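Per chain, numbering begins at 1; letters A, B, ... match sequence-line order. As the structure is a computational prediction, the values presented were derived from the model and not from experiment.
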Amino acid sequence: MDLALPAAWLRTEDAVTDEPIDVDRALVARAQRGDRAAFEQIVRRHQRGLWHLARRYLRSDADAADVTQQAFVRAYQALANFRGDASVRSWLYRIAINLSLNAVRDRAREQPSELADDALTIAATGADRLEGSQRAAALRAAIAELPPKQKLVLELRVFDELSFREVAALADCTENAAKVSFHFAVKRLRGLLGSEAIEP
Amino acid sequence: MNDDPTLDALLATYAETPEALTAAQRARVEAALAEDDGATVAAVRALPTAGAAPDWRALEERIFAATTRAPARRRPWLYAGVALAAAAVVALALRPHAGRWSWPVVPLPSVAVAPPPAPSPVADDDPGLAIDDDPASDLDGLGPIDDALIDEVIAFDDEDDGDDELPALGATWTGWIDEFSDDELDRALAWIDAQEAG
């Protein structure tokens, strides 16, 4: 199975997860004092994560960009209210998730098919690529069938590489509950796909 | 990955009330959770990115352009001031009442009142006066209603056509002034002038 790690997830510019979270807090503290450059740095560090998060909800590149912009605008307007109870990343993700859910609700009538849309974006030039894309589509469909909480936990943990503590904060549950939801999500995926379908 | 239903129950307990688990049960649950970073997670992680990433530089510029206005600044002094004012109001409301507090009494100016009209003569056997004196006992002693007497009163009232033209008596009715003679009216006006003069 040829599933290379997506280049977009390597995040050469905003390797947030490898840096201490205090960097973000220091930037927010500076931004709260009116340091414009600090806010711009926050944007550069988190815009990709927010875009991918919104893209998963909205299934539209342009809409994801809009939500990313709105999320940073909201965050900028609410800088004074950030007290550091959660990580900066959790705070930004929370804003983006809320905006994404609102956007999904607003356009509920359209109901585009993510599977069809995303399947078309994967070029299938050879037999192996075709088989790989079919497996990827099947896995995506299986993820889409997960209960909402399990899906959220799985995506935040795997795609966004958040800690279980951050995942718990965003999913409104305890850290233990987040771990258990993740466990059941993985178990369910294996059940939906069969072990042979996802073994490398 | 274990399909043991007992493990599922332990996982549910671990999520909600982990303190209810024994050390051995907790170790079993955590061992099961540690197995999650396997092939399935790797496959999910390796999924191709959906969609085409935007021009990050352009997106940055959009965001920067949309946030040109200065954000609201923190105002700790404002919060402190509001909290202090609220505390003062609460303290004022809850302070011990050594002497009961009341609004200061302002004496009202005296108002000149015109003399009331002379009361109309009332018969001694008027049951209304007796009711005012002792309602309970008088009402008990009234006895059954005499329909014949009521009819007689109504017939008498019908004969007195002049009364029907009078307006209903009210707090502002001043028709009694018309009954004054010119001399009485002059004396009343003189009395009012004297009152107003001091």
Side-chain angles (χ1 to χ4, degrees), chain A residues 1 3-9 13 31-32 34 39-40 43-44 47-48 51-52 55-56 59-62 64-65 68-69 72-73 76-80 114 117-118 121-122 133 135-136 139-140 143 154 158-159 173-174 176-177 179-184 186-187 189-190 193 195 198-200, chain B residues 1-4 7-21 26 29-76 78-79:
Chain A
M1 186 166 167
L3 293 176
L5 198 62
W9 293 348
E13 281 186 42
Q32 284 175 334
F39 177 74
E40 292 180 357
V43 171
R44 291 192 184 96
Q47 65 169 339
R48 295 173 189 225
W51 183 86
H52 285 292
R55 177 62 179 76
R56 287 200 302 271
R59 305 164 186 179
S60 157
D61 299 346
T68 302
Q69 177 183 333
F72 279 113
V73 170
Y76 186 72
Q77 291 168 342
L79 267 176
E114 180 191 22
D117 177 30
D118 292 342
T121 63
I122 299 169
S133 68
R135 285 178 179 169
L139 186 53
R140 237 183 254 286
I143 292 171
L154 180 86
V158 176
F159 295 151
C173 62
T174 64
N176 280 357
K179 288 178 181 175
V180 171
S181 286
F182 181 77
H183 173 83
F184 283 127
V186 172
K187 182 179 174 180
L189 283 184
R190 290 178 70 93
L193 296 172
S195 57
I198 52 177
E199 291 296 346
Chain B
M1 193 73 57
N2 198 332
D3 287 333
D4 182 0
L7 178 60
D8 286 353
L10 290 177
L11 284 163
T13 306
Y14 181 80
E16 300 300 327
T17 51
E19 64 277 4
L21 296 178
R26 181 188 287 261
V29 167
E30 289 175 349
L33 294 176
E35 292 175 9
D36 286 338
D37 285 330
T40 306
V41 173
V44 173
R45 184 170 285 124
L47 277 173
T49 308
D55 179 345
W56 300 117
R57 185 75 65 186
L59 182 56
E60 274 175 28
E61 293 304 323
R62 276 176 57 185
I63 294 165
F64 297 160
T67 53
T68 50
R69 288 181 58 189
R73 303 291 297 273
R74 294 187 78 165
R75 295 185 177 88
L78 182 61
Y79 300 132

Practice item. To the nearest 0.5 angstrom, please state how far the CD1 atom of B:I63 sits from the CD atom of A:Q47. Key: 5.5 Å
Revision key, fill the gap. When every non-hydrogen atom of A:A177 is compared with those of B:A15, the smallest separation belongs to CA-CB, 3.7 Å
**Study point:** Value rounded to 0.5 Å, distance of CZ in B:R45 from CG in A:L154
**Key:** 9.5 Å
Point to revise | Side chains of B:D8 and A:K187 in contact at under 4.5 Å (non-hydrogen atoms) | key: yes
**Study point:** Beyond-backbone contact of A:V43 with B:F64, side-chain heavy atoms, under 4.5 angstrom
**Key:** yes
Practice item. Test B:L47 against A:I143 for side chain to side chain contact (heavy atoms under 4.5 Å, CB included), laying out the working first. Key: CA-CA 11 Å; B:L47 277 173; A:I143 292 171; 3.8 Å; yes
Practice item. Give the minimum heavy-atom separation between B:A53 and A:W51, together with the two atoms involved. Key: CA-CH2, 3.8 Å
Review point. Excluding sequence neighbours, so at least two apart, what forms side chain to side chain donor-acceptor pair (under 3.5 Å) with B:E16?
Key: none
Check your understanding: Are any of the side-chain heavy atoms of B:L33 and A:F182 separated by less than 4.5 Å?
Key -> no
Study note, to complete from the structure: All heavy atoms of B:Y14 vs all of A:V180, minimum pair found to be CD2-CG2, 3.8 Å
**Study point:** Counterpart residues, side-chain contact (heavy atoms from CB on, under 4.5 Å), relative to B:A66 (two or more places apart)
**Key:** A:Q69, A:V73
**Study point:** Pairwise distance CD(B:E35) to NE2(A:H183) - rounded to 0.5 angstrom
**Key:** 8.0 Å
Check your understanding: What is the distance from atom CZ of A:R48 to atom CG of B:L59, rounded to the nearest 0.5 Å?
Key -> 10.0 Å
